[in-house]
Amino acid sequence: MYLLSHFSSSSLYLQIFLVLLWCIHTLEFLELASAATPKVKVGNISKVEDAAYFRIYYGQTFKVIKNTLDGKSYLLIQNNTRMASRTKYCTSRIKSFVIPLANYSIEADYYFPVSFFELLGMLGNLKGITSTYVASQCVLKLYQDGQVETINKSEPQQLAQYAAHFIANTDETQPCNFATFVPIGEDAPLQRAEWIKYLGVFANLENRANQVYDAIKENYLCLSKAATSKTSVKPTVSWMDHKDGVWSFTREPYKLKFVEDAGGVNVDDSINKVTYNMSIPDDLEEFHAILCTVDVVIDETYTSDPAVYSASTFLGNINLEDQSCFAFLSNQSLWRYDKRVQNSTVLDWYDGAVSQPQLVLADIIEALYPTGNYNTTYFRNIAKGEGIISIGPEMCERDSSIAMEPTVVACQ
């Protein structure tokens, strides 16, 4: 009886000991897991694939954007963390923002590309603009309806009410809530378009930014592949600008890249001189000689009224009498990128064309290899008398609180 009782008692003690040991190990494991996993964890992420001037880094409850163009780091802190209420940076090197942004404003004075916000579905939080110099019909409608107000950028207290104020001018003084957004600083079309990921980080919209950029990039590369394989004889293209009697050939890298990706050749590769004064006979003769080798001309000359700029305006500027030598005139291939314009001053070329370069590429392909059945978005052929499209709030026919879908051009 004693042995039986002792055995049963020992067995019970052993069971209790094992249970306690299991509980201790379980608690230790849970404590370690709790320490390793914060209450808030960054979910979807974006990786920079093509852009050269910004990088994104992810922590457990924060993100950091390093912007090479303005030399700043932006610390973005999730709003439901302890860090959000106790951390604030505002120095020449680093700024902090609480995300997702509760609201924001934009400095529209420098052709700010608001189309990036539209593609992300962020217009609902846009509350202020410094001017109506925007090429977006839906932003103009929001302003017309009183959902977006005009702010005076010279009055700091007006700007301070917004969680972030996005600017495109990296040289101006930047208060604590200013953040630069400069896709136009990149040297290639897709690099510029990838800045949608930069904005997406401020709104926790990385998944959406990735989706949009992937669609744009895929369409762009498909169009380029089809165009560059069309023929071994590539049309020669010239981007040209006239000012005060002097013509110059444009050498901006992203424009030259568009032509290459469209299956063309840039005239800039074959000339040494950049500017030509039309009042100097030798310059005039050399300039005309070069134009005789060109198949497509893109006239970038500034005008205060695009609606009245026509082929006759161009011909007057190049001081031309005999047109028989010029293939781009006989083939009617004289283009401008001011087809979409707001208030005769704001070109969509500096907005929608930046965020959706696949549409620009499709336009240039049509200019190089005309089919006659493609309606260009940003380019108009002034040799054929094409006019402009005036952008206004009445053209906004969608719910601006919903993300705008990128336009995918048919590609074979």
Measuring from atom [atom1] of [X] to atom [atom2] of [Y], what distance do you get when rounded to the nearest 0.5 angstrom?
X	Y	atom1	atom2	answer
Ser400	Asp145	OG	CG	8.5 Å
Thr301	His242	OG1	NE2	6.5 Å
Arg398	Lys141	CZ	NZ	11.5 Å
Ile365	Tyr374	CD1	OH	8.5 Å
Phe62	Met83	CZ	CE	5.5 Å

Are side-chain N/O atoms of [X] and [Y] paired as donor and acceptor at under 3.5 Å?
X	Y	answer
Thr150	Tyr143	yes
Asp241	Tyr302	no
Ser136	Glu118	yes

> Distance under 6.0 Å and angle within 45° of the ring axis: does Arg336 meet both against Phe379?
Replying inline: no

>> Filter on side chain to side chain donor-acceptor pair (under 3.5 Å), then keep only pairs touching residues 84-95, sequence neighbours left out; what's left?
In response: Lys95-Gln174

Could you check if a side-chain atom of [X] sits within less than 4.5 angstrom of a side-chain atom of [Y], using non-hydrogen atoms only?
X	Y	value
Leu347	Lys339	no
Trp335	Val237	no
Lys66	Phe54	no
Val409	Leu359	yes

> Can you name the one residue among Val48, Ile56, Thr180 that meets side-chain contact (heavy atoms from CB on, under 4.5 Å) with Tyr198?
Replying inline: Thr180

> Per the side-chain contact (heavy atoms from CB on, under 4.5 Å) rule, which among Asn44, Leu76, Val64, Val201 passes with Tyr58?
Replying inline: Val201

With no hydrogens and no angle check, is any side-chain donor or acceptor of [X] less than 3.5 Å from a backbone partner on [Y]?
X	Y	value
Asn79	Ala84	no
Arg340	Ile389	no
Thr303	Asp305	yes
Thr371	Asn373	yes
Gln78	Thr61	no

Check the orientation of [X] and [Y]. Use parallel for under 30°, tilted for 30 to 60°, and perpendicular for over 60°.
X	Y	answer
Phe326	Phe328	perpendicular
Phe112	Phe181	tilted
Phe287	Trp247	parallel
Tyr74	Phe97	tilted
Trp239	Tyr337	tilted

Quick test of your reading of the model: are [X] and [Y] salt-bridged, counting only N-O distances below 4.0 Å?
X	Y	answer
Lys243	Glu300	no
Glu405	Arg208	yes
Glu107	Lys153	yes

